[in-house]
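Written out below as structure tokens is the structure these notes cover.
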Amino acid sequence: MAEPLDTRATVLRGTLRFNEPMARHVSWRAGGFAARAYVPADLADLAVFLASLPAGEPVCFVGLGSNLLVRDGGFRGTVVLTHSPHGAMRVEGELLYAEASVACPKVARLAATRGFEGAEFLAGVPGTVGGALAMNAGCYGSETWDVVAKVLTVSRGGKLSERTTADFKWGYRHVELRGSRLGEEEWFVAGWFRFRAGDRDRARKRIKELLARRIASQPLNLPNAGSVFRNPPGDHAARLIEACGLKGYAIGGARISERHANFIVNPKGKARAADIEALIEHARAEVRERFGIELVPEVRIAGEPA
Ligand SMILES: Cc1cc2nc3c(=O)[nH]c(=O)nc-3n(C[C@H](O)[C@H](O)[C@H](O)COP(=O)(O)OP(=O)(O)OC[C@H]3O[C@@H](n4cnc5c(N)ncnc54)[C@H](O)[C@@H]3O)c2cc1C
């Protein structure tokens, strides 16, 4: 069980910053500013902070920003910067508990060390547990919600709720909370995961193999946000984009990766969010024109154009 939280305090203990450059917080290293950015001290502090916001204040939770772009005109609301190297994580009986702030590779490593299998896929997802829950992050045949036992959420009013999987609907890179607007009115603060009892060395070996596959196929040395588009049924977005001759195609400072056509890179760190978005639209239009397939972006775009 999670520690009981004292949310009666009224004094905020986290850090509130104004005009926060979001390029610092997203893996594309591009984009505009957030009007306000809050770094909560802990879960109780986060609950108190959310309850203190004016009704209607736009709120965007940001984990490691590995699937996110804030437009050049900025986000006129409050971002909550959740990632923390000190987020709590532990084994509780048959379940592994991790706060939303924890980086996914840490979950994969702890699970392997404790002799669980089934968490290896998380080793190469460079986001937080909160981001993985929100996106149903997955790869190599596994998805986050395959292994969720239950989650803890916080609402705009600061209420913490333990929720079971029955409260959610999920699919490929898509999660919905029945009866509430996930990401606008309610957010993840922790998850309990059920991995199968297995072999520590086998899990560690698989982590190594999966990471090696990534290093061989993805442009990990350049700022990027992973796969830009979801794969359409029965096909691969990368294959379609490559077949349109778009590998290496650039708009402003953004370029379609030569190594993996479903990745957009910011090689010199000079891309504007508008360059990246224009490249996304260009790739979509070319694939639509040539194959009649509508690619759906996987990356999340927030904020206003410049
Ligand atoms: C090199 C690279 C490889 C990648 N490989 C994969 C892969 O194999 N599979 C895959 O699925 N993804 C992959 N990604 C994309 C990304 O890592 C995942 O989508 C990840 O789950 C995002 O986590 P994050 O913490 O960075 O979320 P962010 O990018 O910070 O946020 C993503 C979305 O989740 C929301 N969100 C974040 N935290 C919370 C929360 N606590 N509660 C509610 N909503 C929240 C945000 O508001 C936003 O809408 C890759 C990215 C990179 C850069």
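Note that ligands are numbered from 1 as they come in the structure, with each ligand's atoms numbered from 1 the same way.
- The aromatic rings of Phe195 and Phe116 sit tilted relative to each other, their planes meeting at an angle between 30° and 60°.
- Between Phe188 and ligand 1, a contact under 3.5 Å exists for at least one N or O pair.
- Heavy-atom contacts of Gly138 reach the following atoms of ligand 1: 7 (C), 8 (O), 9 (N), 10 (C), 11 (O) (cutoff under 4.0 Å).
- Close approach of ligand 1 to Leu220 is summarised as follows: ligand atoms under 4.0 Å from at least one heavy atom of the residue are 1 (C).
- Checking atom 37 (C) of ligand 1 against the protein gives a heavy-atom contact under 4.0 Å.
- Every atom of ligand 1 is numbered from 1 in the order shown, and the set under 4.0 Å from a heavy atom of Met135 is 19 (O), 33 (C).
- The closest approach between Gly183 and ligand 1 stays at or above 4.0 Å for every heavy atom of the residue.
- Residue Arg173 touches ligand 1 through its side chain alone, judged by heavy-atom distances below 4.0 Å.
- Numbered from 1 in the order shown, with element, the atoms of ligand 1 that lie under 4.0 Å from a heavy atom of Thr128 read 23 (O), 24 (P), 25 (O).
- Interface of Val62 with ligand 1, defined as ligand atoms under 4.0 Å from a residue heavy atom, comprises 30 (O).
- In this structure, the ring of Tyr38 has its center less than 6.0 angstrom from the ring center of Phe49.
- Leu43 places none of its side-chain heavy atoms less than 4.5 Å from the side chain of Val154.
- If you look at Ser227 next to ligand 1, there are no close heavy atoms at all, none under 4.0 Å.
- Near Gly65, with a cut-off below 4.0 Å to any heavy atom, the atoms of ligand 1 are 26 (O), 28 (P), 29 (O), 30 (O).
- Taking every non-hydrogen atom of Leu68 and a distance limit under 4.0 Å, the qualifying atoms of ligand 1 come out as 29 (O).
- Residue contacts with ligand 1 for Ser66 involve both N, CA, C or O and side-chain atoms from C-beta outward (heavy atoms, distance under 4.0 Å).
- Phe188 pairs with exactly one of Thr153, Thr82, Val129 by the side chain to side chain contact (heavy atoms under 4.5 Å, CB included) rule, that one being Thr153.
- With respect to the salt-bridge test (charged N to carboxylate O, under 4.0 angstrom), the residues Arg288 and Glu294 qualify.
- The distance from ligand 1 to the heavy atoms of Asn224 drops below 4.0 Å at these ligand atoms: 1 (C), 2 (C), 52 (C), 53 (C).
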